Protein chains: 2
Amino acid sequence: MLSQTSRYALHALIVIARSSGQANVRVIAEETSIPMNYLGKILHVLGRRGLLRSSRGVGGGFWLARPPQQIPLIEIIEAFEDRQFFARCLLGSESCPEGRPCAAHALWAPIVEQTRQFFEATTLADLLAEGQALEALAGPARLPSGSELSIDGVEW
Amino acid sequence: MLSQTSRYALHALIVIARSSGQANVRVIAEETSIPMNYLGKILHVLGRRGLLRSSRGVGGGFWLARPPQQIPLIEIIEAFEDRQFFARCLLGSESCPEGRPCAAHALWAPIVEQTRQFFEATTLADLLAEGQALEALAGPARLPSGSELSIDGVEW
DNA sequence: TGCAAAGCTCATATGCTCATGATAATATCA
DNA sequence: TGATATTATCATGAGCATATGAGCTTTGCA
């Protein structure tokens, strides 16, 4: 559904948001298992898109340019998927030129539209909240095992 | 969303169903603009999956193995997409191993499930009916232009 | 019985996504 | 000011989905 690259971007942003401050490429790559060089490129794109800020040099890294409530998932996706990602019909836009819908169009359109609305309405904050809920459920049993995904200290 | 190959398969099946009988690769390729050799391979796969029958030699071609009411779209898709097509989470199955859902999982699951149900519930016949409805709307204005997509004579 | 039509099969090419590696630019700090 | 840490940028490669091309096999028909 989503490209690997989009999924990397989402995952990286979740980790950055959780880190309550700056996070550098190496650390994010370790935590997410995303190849480091590739991740650098992805974060750079997110920077140009206005989702991340960055600084170089010692102590540098990336951080969210906006609070996660103001980062809808669709912005992340649009950075890496081509423009027709949501415009495309079941049979492809070739079979379905403007104004001459193909046989599948009307049936498929509601599905696409609902998916698009999901990505528009859901924000990075929603994902963080969901992750927090999961941790509350499973947390006590595996806190001692040392996974340091703490969500505290986020100042938004 | 769907791979090019799946979309080719869908499109070809629509054309075959409309042809009310046999259709050969060359004709289908011309009508759909799908590369002929590639189409041949796709139809062969659909044959092995039990969706098409074929015969060789002069006058040979492909035809539906079942009435279109009994061909759900999901069967077509499963022939060309990998098994995890609907199992996959927003962040990918790597981030989301069995029994340990990722942050996005619960939010995304309903979207995937609804999409899966669409492909299960919608049949080739539904696409044909939709195409017929479109033609009824726009038909009179462009019938003289010679597009011979007649739907008559289907004996199912 | 031989030719032509059509599907079948395999080998190869191409283009894109994903990934790697090296180097440059910039920032911090002793 | 030099050593180090970190992002920025560019060149290159790997692998897969997509596509092409050629020859093989089967079938129908004159």
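All figures in this text were calculated on a predicted structure; none of them were measured in a lab.
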Trainee: Scan residues 48-58 of chain A against DNA chain D and write down, sorted by residue number, each residue with any heavy atom closer than 4.0 Å; if none is found, say none.
Mentor: Ser54(A), Ser55(A), Arg56(A), Gly57(A), Val58(A)
Trainee: Can you name the one residue among Leu64(B), Ile71(B), Ile42(B) that meets side-chain contact (heavy atoms from CB on, under 4.5 Å) with Leu52(B)?
Mentor: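 The residue from Leu64(B), Ile71(B), Ile42(B) that satisfies side-chain contact (heavy atoms from CB on, under 4.5 Å) with Leu52(B) turns out to be Leu64(B).
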Trainee: Under 4.0 Å between any heavy atoms, over every strand shown, what does Gly47(A) touch: base, sugar-phosphate, or nothing? Just pick one.
Mentor: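 The answer is nothing, as Gly47(A) stays clear of every strand by at least 4.0 Å.
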Trainee: Identify which nucleotide among dG21(D), dA6(C), dA8(D) has an atom closest to any side-chain atom of Asn24(B), counting heavy atoms from C-beta outward.
Mentor: dA6(C)
Trainee: Evaluate side chain to side chain contact (heavy atoms under 4.5 Å, CB included) for Phe80(A) paired with Val45(A), printing each intermediate quantity in order.
Mentor: CA-CA 9 Å; Phe80(A) 301 101; Val45(A) 169; 3.7 Å; yes
Trainee: Glu31(B) and Ser19(B): side chain to side chain donor-acceptor pair (under 3.5 Å), yes or no, with the steps?
Mentor: CA-CA 11 Å; Glu31(B) 191 155 336; Ser19(B) 77; over 6 Å; no
Trainee: dT7(D) phosphate, OP1 or OP2: any side-chain N/O from His44(A) under 4.0 angstrom?
Mentor: no
Trainee: Whole-Å distance between dC8(C) C1' and Asn37(B) CG?
Mentor: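 Roughly 11 Å, once rounded to whole Å.
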Trainee: Could you tell me how far apart Lys41(A) (NZ) and dA22(C) (C1') are, to the nearest whole angstrom?
Mentor: 15 Å
Trainee: What is the separation between atom CZ on Phe80(A) and atom C1' on dT17(C), rounded to the nearest whole Å?
Mentor: 13 Å
Trainee: Tell me: CH2 of Trp63(B) to P of dG7(C), nearest whole Å?
Mentor: 10 Å
Trainee: Go nucleotide by nucleotide along DNA chain C from the 5' end; which of Gly40(B) and Gly59(A) gets its closest nucleotide reached first?
Mentor: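 This one resolves to Gly40(B).
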Trainee: Please determine if Arg66(A) and Glu75(A) form a salt bridge, counting it only when a charged side-chain N lies under 4.0 Å from a carboxylate O.
Mentor: yes
Trainee: Rounded to the Å, how far apart are Leu39(A) CG and dT20(C) P?
Mentor: 12 Å
Trainee: Go through dT6(D), dA22(C), dA6(C) for me and flag the one nearest to the Arg26(B) side chain.
Mentor: dA6(C)
Trainee: Determine whether a donor-acceptor pair (N or O, by modelled atom type, separation under 3.5 Å) exists between the side chain of Glu81(A) and the backbone of Ser3(A).
Mentor: yes
Trainee: Looking at Ile16(A), Leu13(A), Leu46(A), which hits side-chain contact (heavy atoms from CB on, under 4.5 Å) with Phe62(A)?
Mentor: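 The option that passes is Ile16(A).
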Trainee: Hey, can you pull the residues of residues 2-13 of chain A with a non-hydrogen atom under 4.0 angstrom from DNA chain C?
Mentor: Ser3(A), Gln4(A), Thr5(A), Tyr8(A)
Trainee: For Ile42(B) and dT20(D), what is the distance between atoms CD1 and C1' respectively, to the nearest whole Å?
Mentor: 13 Å
